[in-house]
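One is the number of the first residue; the rest follow in order along the sequence. Ligands are counted one by one from 1 in listed order, and the atoms in each one are counted from 1 as well.
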Amino acid sequence: MLLRFTKMHGLGNDFAVIDLVTQHARISAEQVRRLADRHFGIGFDQMLIVEPPQNPEVDFRYRIFNADGSEVEQCGNGARCFARFVRDKKLTHKDRIRVETSSGVIELQLVGNKEVRVNMGVPMLEPAAIPFQADARQATYELDLERQALTLSAVSMGNPHAVLLVEDVDSAPVLELGPRLEHHPRFPQRCNVGFLQIINRREARLRVFERGVGETLACGTGACAALVAGRLRGLLDEEVTMQLPGGTLKLAWKGDNQPVIMTGPATRVYEGQIRL
Ligand SMILES: N[C@H](CCC[C@H](N)C(=O)O)C(=O)O
């Protein structure tokens, strides 16, 4: 069957966005993997699916599949593209859109100059909720990785993140440590791995090795987790600009039990059709 999709990106973190409100299809993990391939398929970091809501209190269901076919709980850059998509496709006329994900409801708001503001929800820091194996919640944890002793923060934005502090993201061992930490046994559901460089209390740089994908040009939930980690360490203020290889996000977090607010662009690249 032929399936319409829209190719989009949030700061270079790229997506195939599929409307399963007006189209009907079942897409297997193997099909996601094949479509994600940048030579034999469409090529994307994640596939985003728009579905009717299960909860009548929200506008849509938002499902996220990594390039390896795994379905995951949250995608921040994808949430901004989701909002742009449902408005452009006239699936809604609202400026504030509530969507349910497998990790809870988030609110998307289209704001001026083509940007989208997302209430990403309250970060989870209890080890069992991340999940991360530790006896108690801490700002940082010591973790043995083969011959190296690493210090990291562990944060969930609905999906699990490890955040390490580095002097310079350009020389950070992203491709060396990323895959090994992604699969570390203390993260029983794997994890996304952020490498955070503090510039000053209101600016930081970040590279992310994403679970199920590899290094991406930007990671929205990773940027939120990095802000939380920086604040837990007393190194960042409530509002920061986070510079990722693909561009800059504006983030705010007022502290425990408060949501992280992320604002940034959402870009449509082209419309396509694919035969499943
Ligand atoms: N790789 C992530 C999902 C996508 C997150 C990222 N693309 C974002 O913008 O938040 C995970 O497995 O949890």
Side-chain angles (χ1 to χ4, degrees), residues 7-17 29 32-33 36 43-49 62-85 99 101-104 106 108 115-124 129-132 153-163 174-175 178-179 181-184 187-196 206-229 242-251 253 259-267:
K7 188 74 177 10
M8 302 186 77
H9 73 84
L11 301 180
N13 180 199
D14 66 336
F15 312 107
V17 190
V32 173
R33 283 190 290 272
F44 50 74
D45 293 330
Q46 281 89 24
M47 176 183 284
L48 310 180
I49 303 285
Y62 167 31
R63 298 178 70 186
I64 303 124
F65 295 84
N66 281 324
D68 70 354
S70 58
E71 181 165 6
V72 292
E73 310 88 344
Q74 195 54 268
C75 177
N77 288 322
R80 300 196 313 276
C81 290
F82 188 105
R84 172 76 48 219
F85 178 86
V99 301
T101 69
S102 61
S103 65
I106 57 173
L108 322 176
E115 289 206 316
V116 182
R117 178 173 302 130
V118 184
N119 177 328
M120 291 295 296
V122 176
M124 288 168 276
I130 295 171
F132 175 64
S153 298
V155 179
S156 171
M157 292 306 302
N159 57 347
H161 291 265
V163 182
V174 175
L175 301 183
L181 269 173
E182 176 195 358
H183 293 275
H184 195 282
F187 286 97
Q189 292 179 13
R190 299 186 289 164
C191 70
N192 301 279
V193 187
F195 297 81
L196 173 65
L206 179 71
R207 287 172 66 187
V208 181
F209 189 92
E210 285 199 32
R211 177 179 63 170
V213 184
E215 183 175 8
T216 58
L217 292 177
C219 178
T221 51
C224 296
L227 168 59
V228 172
M242 191 69 70
Q243 298 167 23
L244 299 111
T248 300
L249 288 173
K250 295 183 281 291
L251 300 164
W253 184 50
V260 180
I261 309 299
M262 169 189 64
T263 305
T267 307

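- Looking at Ala225, Gly220, Cys224, Gly78, it is Gly220 that brings a heavy atom closest to atom 8 (C) of ligand 1.
- Counting heavy atoms from C-beta on, the side chains of Gln46 and Asn13 come closer than 4.5 Å.
- Here atom 2 (C) of ligand 1 lies nearest to Asn192 when heavy atoms of Thr221, Asn192, Val72, Leu48 are compared.
- Among the atoms of Gly76, some N or O lies under 3.5 angstrom from an N or O of ligand 1.
- In summary, the atoms of ligand 1 found under 4.0 Å from a heavy atom of Asn77, numbered by their order in the structure, are 8 (C), 9 (O).
- Looking at heavy atoms from C-beta onward, Val99 lies in side-chain contact with Ile106 at the 4.5 angstrom threshold.
- With values rounded to the nearest 0.5 angstrom, Asn77 atom CG is found 11.5 Å from Ile64 atom CD1.
- The Asn66 neighbourhood of ligand 1 comprises atoms 1 (N), 2 (C), 3 (C), 11 (C), 12 (O), with distances under 4.0 Å to a heavy atom of that residue.
- Each of the following atoms of ligand 1 lies closer than 4.0 Å to a heavy atom of Gln46: 1 (N), 3 (C), 4 (C), 7 (N).
- Note on Arg190 versus Glu182: salt bridge recorded, some NZ/NE/NH1/NH2 to OD/OE distance being below 4.0 Å.
- Put simply, the side chain of Met157 does not reach to within 4.5 Å of the side chain of Met262, judged on heavy atoms.
- Under a 4.0 angstrom heavy-atom cut-off, Cys219 registers as being in contact with ligand 1.
- Of the protein's non-hydrogen atoms, Asn13 OD1, 2.8 Å is the one closest to atom 7 (N) of ligand 1.
- The two residues Asn119 and Pro259 make their nearest non-hydrogen contact at OD1-CB, 3.2 Å.
- Scanning the protein heavy atoms around atom 5 (C) of ligand 1, the nearest turns out to be Glu210 OE1, 3.5 Å.
- Residue-level proximity to ligand 1 for Gln74 is carried by the backbone, the only part with a heavy atom below 4.0 angstrom.
- You'll find the side chain of Pro265 reaches within 4.5 Å of the side chain of Arg80, heavy atoms only.
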